[in-house]
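FYI, the numbering just counts along the sequence from 1.
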Amino acid sequence: MKKNKLIYGVLFCLAVSLTNAQIAVGKANVNGVSTILDFANEAGNTKGIVVPAVDNLPSGPTGSDNGMFLFDRSDRKFKVFENNIWKDLSDPGNASSLAVNPTAETGQKVIIGSASTSANGVVVLESADKAMILPFISNPHQIVKSPYPGMMCYDPVSKALAVFDGNVWSYWK
């Protein structure tokens with residue numbers, strides 16, 4: 001009996017590793033076939049994604065990849081890396097409520113959608129034909145009572161990416 005469970009377990013893991021991953025967070029199924037990561041977006045949702053807060057911006061040919069998001073502690077701004085430069089997505093915010101992690105980073109990055117990647121990140125979504133759907137929060141500036149600096153979501157009311165810098169929400173269309 002144990003031998004059968006072990007064989008089925010190994011076969012299941014092999015099958016999962018050979019498929020293109022789609023992940024649903026807080027719900028049973030991913031919306032559509034073009035989605036790699038999807039979140040529960042029921043009415044009244046107040047949970048977004050919190051990006052890493054860094055003291056030093058990643059740089060160099062292997063340090064930054066287009067599409068990276070982070071919160072820069074040094075100037076207290078939400079940023080995205082695009083075409084070899086870091087672009088500000090917010091004005092200076094407030095980093096005083098950020099929890100500091102004093103331990104050194106260990107382990108490997110998490111890759112979703114591929115067996116490997118050359119991208120540098122904590123969580124890397126790697127797909128040629130799938131995208132991430134951000135958590136939907138209607139009017140996050142009104143609904144989210146205690147947002148954490150570096151939080152981001154999609155506001156379906158304003159039809160914009162919303163990012164929180166520790167002081168205010170910034171909206172990008």
Side-chain angles (χ1 to χ4, degrees), residues 21 23-26 35-42 44-114 116-127 130-173:
I23 297 176
V25 178
T35 306
I36 194 167
L37 181 60
D38 193 7
F39 297 87
N41 291 318
E42 65 274 350
N45 181 39
T46 60
K47 296 177 181 157
I49 294 175
V50 177
V51 301
V54 301
D55 292 316
N56 300 304
L57 292 175
S59 62
T62 61
S64 302
D65 295 295
N66 283 330
M68 291 179 81
F69 288 91
L70 55 76
F71 184 82
D72 184 356
R73 287 179 192 263
S74 64
D75 63 4
R76 303 174 325 275
K77 293 182 181 178
F78 203 102
K79 297 182 178 186
V80 64
F81 192 78
E82 186 175 73
N83 298 324
N84 296 318
I85 62 169
W86 285 100
K87 294 184 178 183
D88 296 343
L89 292 179
S90 72
D91 292 328
N94 181 349
S96 64
S97 66
L98 286 171
V100 177
N101 181 358
T103 59
E105 184 177 317
T106 60
Q108 298 292 318
K109 56 189 155 206
V110 174
I111 306 165
I112 300 172
S114 178
S116 64
T117 183
S118 61
N120 185 24
V122 176
V123 176
V124 178
L125 306 178
E126 190 74 53
S127 177
K130 291 179 178 57
M132 175 178 69
I133 298 176
L134 290 172
F136 283 38
I137 302 176
S138 298
N139 300 310
H141 62 285
Q142 295 172 339
I143 304 254
V144 182
K145 300 301 181 205
S146 299
Y148 195 77
M151 183 176 174
M152 73 183 204
C153 62
Y154 179 77
D155 180 5
V157 174
S158 65
K159 295 182 173 45
L161 169 70
V163 298
F164 184 70
D165 66 13
N167 279 336
V168 298
W169 286 94
S170 297
Y171 293 84
W172 290 86
K173 290 190 178 202

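Distance check, rounded to the nearest 0.5 Å: OG of Ser116 to NZ of Lys109 gives 9.0 Å. Here the straight-line distance linking atom CG of Leu57 with atom CD1 of Ile85 works out to 12.0 Å at 0.5 Å rounding.
Contact detail for Lys130 and Thr35: the closest heavy-atom pair is CD-O, 3.8 Å. When all heavy atoms are compared, the tightest approach of Phe78 to Phe164 is CD1-O, 4.0 Å. The two residues Ser118 and Asp65 come nearest to each other via the heavy atoms O-OD2, 4.3 Å. The shortest heavy-atom contact between Trp86 and Met68 is CZ3-O, 3.8 Å. When all heavy atoms are compared, the tightest approach of Ala119 to Glu126 is CB-OE1, 4.4 Å. The shortest heavy-atom contact between Lys47 and Met151 is C-CE, 3.9 Å.
With a 4.5 Å cut-off on side-chain heavy atoms, Asn94 and Pro149 do not count as touching. Taking the side chain as every heavy atom from C-beta outward, Pro140 and Tyr171 approach each other to under 4.5 Å. Side-chain contact between Ile36 and Ile112 is present, with at least one heavy-atom pair separated by less than 4.5 Å. A heavy-atom distance below 4.5 Å is found between the side chains of Ile49 and Met132. Between Val110 and Val122 there is no side-chain heavy-atom pair separated by less than 4.5 Å. Side-chain contact between Met152 and Leu89: absent, with no pair of heavy atoms (C-beta onward) separated by less than 4.5 Å.
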Query raised in the report: Does the side chain to side chain contact (heavy atoms under 4.5 Å, CB included) test come out yes or no for Leu161 and Leu134, once each step is laid out?
Result: CA-CA 9 Å; Leu161 169 70; Leu134 290 172; 3.4 Å; yes
Requested in this report: Evaluate the criterion side chain to side chain contact (heavy atoms under 4.5 Å, CB included) for residue pair Lys87 and Phe81; output intermediate values, then yes/no.
Outcome: CA-CA 6 Å; Lys87 294 184 178 183; Phe81 192 78; over 6 Å; no
Report task. Show the numbers, then the answer: is there a side chain to side chain contact (heavy atoms under 4.5 Å, CB included) between Asp72 and Asp88? Result -> CA-CA 10 Å; Asp72 184 356; Asp88 296 343; over 6 Å; no
Requested in this report: Take Phe39 and Asn45 through the side chain to side chain contact (heavy atoms under 4.5 Å, CB included) test and state the conclusion after the steps.
Outcome: CA-CA 10 Å; Phe39 297 87; Asn45 181 39; over 6 Å; no
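A salt bridge between Asp55 and Arg73 is present, with a side-chain N of the basic residue lying under 4.0 Å from a carboxylate O of the acidic one.
With a 6.0 Å radius and a threshold of 12 heavy atoms from other residues, nucleotides or ligands, Asn56 has its CG atom at or below the threshold.
The only option from Pro147, Cys153, Pro156 that meets the side-chain contact (heavy atoms from CB on, under 4.5 Å) definition with Ile137 turns out to be Cys153. The side-chain contact (heavy atoms from CB on, under 4.5 Å) with Phe71 is formed by just one residue from the set Leu98, Val54, Val50; it is Leu98.
Between the side chain of Asp155 and the main chain of Ala160, no donor-acceptor pair closer than 3.5 Å is present. The main-chain N or O of Asn83 is found under 3.5 Å from a side-chain atom of Asn66 such that the two form a donor-acceptor pair.
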